[in-house]
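In what follows, every chain begins at residue 1, and chains take the letters A, B, ... in the order their sequences are listed.
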Protein chains: 4
Amino acid sequence: MSRKRREKRDPQQRRAEILAAAFALFAERGFAATRMEDVAARAGIAKGTVYLHFPDKERLFTELASGVASPILGEIEELARNEATPPRAALSMFYALFRRDVLETERRHLLRLILAEGPIFPGVAEFYHREIISRGLGVLRILLARAASRGDLRNPAIAEVPQLVIAPALTSIIWTTLFERYEHLDTGKLFDVFLDTLFLPEGDAR
Amino acid sequence: MSRKRREKRDPQQRRAEILAAAFALFAERGFAATRMEDVAARAGIAKGTVYLHFPDKERLFTELASGVASPILGEIEELARNEATPPRAALSMFYALFRRDVLETERRHLLRLILAEGPIFPGVAEFYHREIISRGLGVLRILLARAASRGDLRNPAIAEVPQLVIAPALTSIIWTTLFERYEHLDTGKLFDVFLDTLFLPEGDAR
Amino acid sequence: MSRKRREKRDPQQRRAEILAAAFALFAERGFAATRMEDVAARAGIAKGTVYLHFPDKERLFTELASGVASPILGEIEELARNEATPPRAALSMFYALFRRDVLETERRHLLRLILAEGPIFPGVAEFYHREIISRGLGVLRILLARAASRGDLRNPAIAEVPQLVIAPALTSIIWTTLFERYEHLDTGKLFDVFLDTLFLPEGDAR
Amino acid sequence: MSRKRREKRDPQQRRAEILAAAFALFAERGFAATRMEDVAARAGIAKGTVYLHFPDKERLFTELASGVASPILGEIEELARNEATPPRAALSMFYALFRRDVLETERRHLLRLILAEGPIFPGVAEFYHREIISRGLGVLRILLARAASRGDLRNPAIAEVPQLVIAPALTSIIWTTLFERYEHLDTGKLFDVFLDTLFLPEGDAR
DNA sequence: CATGAATGAGGATTCATTCAT
DNA sequence: TATGAATGAATCCTCATTCAT
């Protein structure tokens, strides 16, 4: 009896295809509303095959959430390490990378997903805090401290609450995924105005 | 077979109890993972009784989402209307009310809920933009414009991107619902430092 | 607290109103698809009130089915008792009464209902057999025997299978309630042609 | 937890088994009183499996109602087409086939089902008229016309009301499903006497 | 490895019936 | 008596997961 049977594939590639399909669907519909069958269909494979790569739906989600961590962080850490880079330039670069690699790609939905489903999957939130947020805040603290010591900041206390620097980024994610269709937000301006608020104009010593 | 007591109640009160129960559960688990039976149980009534007040789960959710809109907005609009109120005091009050009425109540889960279910219930996102976000930004624009014209702002351009003022609030919600258990965030300081960054120190004219 | 409360009514009349409402709905939708609440609404009373008159839905149905027995039977029995009435005239009268009192009134649905739901409510079928069918066949046997002995019948054996005389009546019920909308049936002709088939032309002796 | 054996089966056969189970239950209890779970149990499969073959209960019913159309009709149409067959023999064969294939099988409940659910599923009644009744009457008209032209009929007008020929069949169904337990009906005799009433004795020219 | 038919626990919704007012 | 809010058993349908092929 002839049976349709896909070519065997490199497991890593197959796995990636499943993750990609799952990502698209989770992002669009959320965790609960996504059916494993749809993930399989979108990946072009049979239902059962998904289970050869992921033990269950929850693990598919958490591996997805953990796996797409952006390389932005690495680039920023490098920038920050180089003391020659002016802090404002580093932050500016951070926002630019964020826009290019997250906000303007499908990855922005991933962040929404984590924010949305995070509390239900504590492992995911924990992973995000440890791998992304904590490291990011670390870099920001260094950058802001350096900026403060250079006298670049309008309010040096900012260095104590680096979450404020993340705020516009989170807000841009939320806005673009939820409200953009009702009212446009110019994210470039958002970040620029924010930087202008944080930093004293160049050559302006107080 | 023992039968629970039938307690008749004022319909408005009963309805409010159901909404409260539903809110707690939706906020905790999300839409899909909340069972109508649990809502009923938490409201202290039988399964069928929920359906005397809401035609189905979806309507329970959407009425809920529309109903918990905070009265903060009204208070702020009033403050802003009064030209005697210094803009910074108004914003300070806004954050204080936000902390008291949202961040420190179960209402803080609302944003997450909208973030999670928004794509599935577009009406909810639309409602939030129209009734909350849009009105909120309107008030902020007025306040910021007034502050700018008074020379209170370090960077008057802020008035053009009032979303920046909302950003710390959104961030505080996300932090407290997702990461607070891993790392504490002092939201009072968050808002204070932000205001200090926005506004020139009192009596400081540029 | 003022409470809407219908005038007290003659219980017999109230009961009749409920039966009428139930009849209309059962006839239209069948037993299962009829809700007690709709019966009450149609009778202009509250849900609970129905239960003051009928212990449950099944009894409402069976009392209905038993209660609307037509007075046709009595009239026919009287006709048959009178030996002066020619058998053919008696049968002709029977069909005429059937058309006027059943086929062309809402009662035709009642019959359909009994045929349809009968096997599920054996009490109803039993009642119908005992009170209607059995008595009807009794009369028919007498009439057909008399006709046979008078030499009126083309096939005297008919007297042994009086169900044949009921057949066109049942068929007319089924046709008018199920197929009339797709293809018209002239029931007057149906019965006339049938009588012409049963009986020899007048004055024709074999 | 013991798990029943998963038996894979030819889809066509599985489908047929489900239809058979559903038919038995619908016929016995009617549409509303039949539970999908019982259908599955009777077919020897799990609840969910039914839904792999039919999208919902309604479709199961309507496909069923359309599917059990008897092959009788085809056989009769063939008989009628052959002009050599004496009309009386053809009708006799029709009743014989009807007894064998409908009256003495579970199919006899079909009429009751249509009678009961017709108003709720108008498509079913329409289907029956179009596919069964209309075609059947067509054949009967041809047969009766031929019989009339050959001078076989006691009353040639019968050809104008072929429903009369169906009447004993319908009556036999109703009797056997409703009243047989209270009073026996000899259906063989029913049809024979009817044919003797319709047709002149052989060799008897009027 | 891959398939997809089969499974059955789970959850939304309905509605006959009850009973406090 | 009459009311209608409240109850909860009953039933349809979904979908994550399994496993024979």
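In this structure, A:Thr49 and C:Gly48 both approach DNA chain E, and ranking their closest nucleotides by distance from the 5' end singles out A:Thr49. If B:Tyr51 and C:Tyr51 are placed on DNA chain E by their nearest nucleotide, the residue sitting closer to the 5' end is B:Tyr51.
Residues satisfying the side-chain hydrogen bond (donor to acceptor under 3.5 Å, both in side chains) test with D:Asp56, not counting sequence neighbours, are none. Every residue two or more places apart in sequence or in another chain that forms a side chain to side chain contact (heavy atoms under 4.5 Å, CB included) with D:Glu63 is listed here: D:Arg15, D:Phe54, D:Arg59.
Rounded to an integer number of Å, the gap from CD of A:Gln13 to P of E:dC1 is 14 Å. Across the protein-nucleic acid pair, A:Glu58 atom CD and F:dC15 atom P stand 18 Å apart, rounded to whole Å. Atom pair B:Lys57:NZ and F:dC13:P shows a separation of 18 Å (rounding to whole Å applied). When rounded to the nearest whole Å, the span between CZ of B:Arg59 and P of E:dT13 equals 12 Å. Following rounding to the nearest Å, B:Asp10 (CG) and F:dG4 (C1') show an atom-to-atom distance of 15 Å. Counting to the nearest Å, the P atom of F:dC12 and the CD atom of D:Glu37 are 9 Å from each other. In this structure, the CG atom of C:Leu52 is 12 Å from the C1' atom of E:dT17, given to the nearest Å.
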Nucleotide-level pairing of DNA chain E, given in dot-bracket where Watson-Crick and G-U pairs need both distances under 3.5 Å and | marks other strands: .||||||||||||||||||||

Quick one, C:Arg29 with C:Asp38, criterion side chain to side chain contact (heavy atoms under 4.5 Å, CB included). Give me CA distance, side-chain angles, the key distance, then yes/no. CA-CA 11 Å; C:Arg29 309 174 191 176; C:Asp38 293 338; 3.0 Å; yes

What pairs of donor and acceptor atoms, side-chain ones from residues 16-27 of chain B against any protein atom, are under 3.5 angstrom apart with sequence neighbours left out?
residue	atom	partner	partner atom	Å
B:Glu17	OE1	B:Arg9	NE	3.1
B:Glu17	OE2	B:Arg9	NE	2.6
B:Glu17	OE2	B:Arg9	NH2	3.2

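Put simply, C:His53 has no side-chain N or O that comes within less than 4.0 Å of OP1 or OP2 on F:dT1.
Residue-to-nucleotide contacts include a donor-acceptor pair under 3.5 Å from the side chain of D:Lys47 to the base of E:dG10.
Residue pairs satisfying the salt bridge (Lys or Arg N to Asp or Glu O under 4.0 Å) criterion with at least one member in residues 108-118 of chain B, sequence neighbours excluded, are listed as follows: B:Glu106-B:Arg108.
DNA chain E lies under 4.0 Å from at least one heavy atom of each of the following residues of residues 14-36 of chain B: B:Thr34, B:Arg35, B:Met36.
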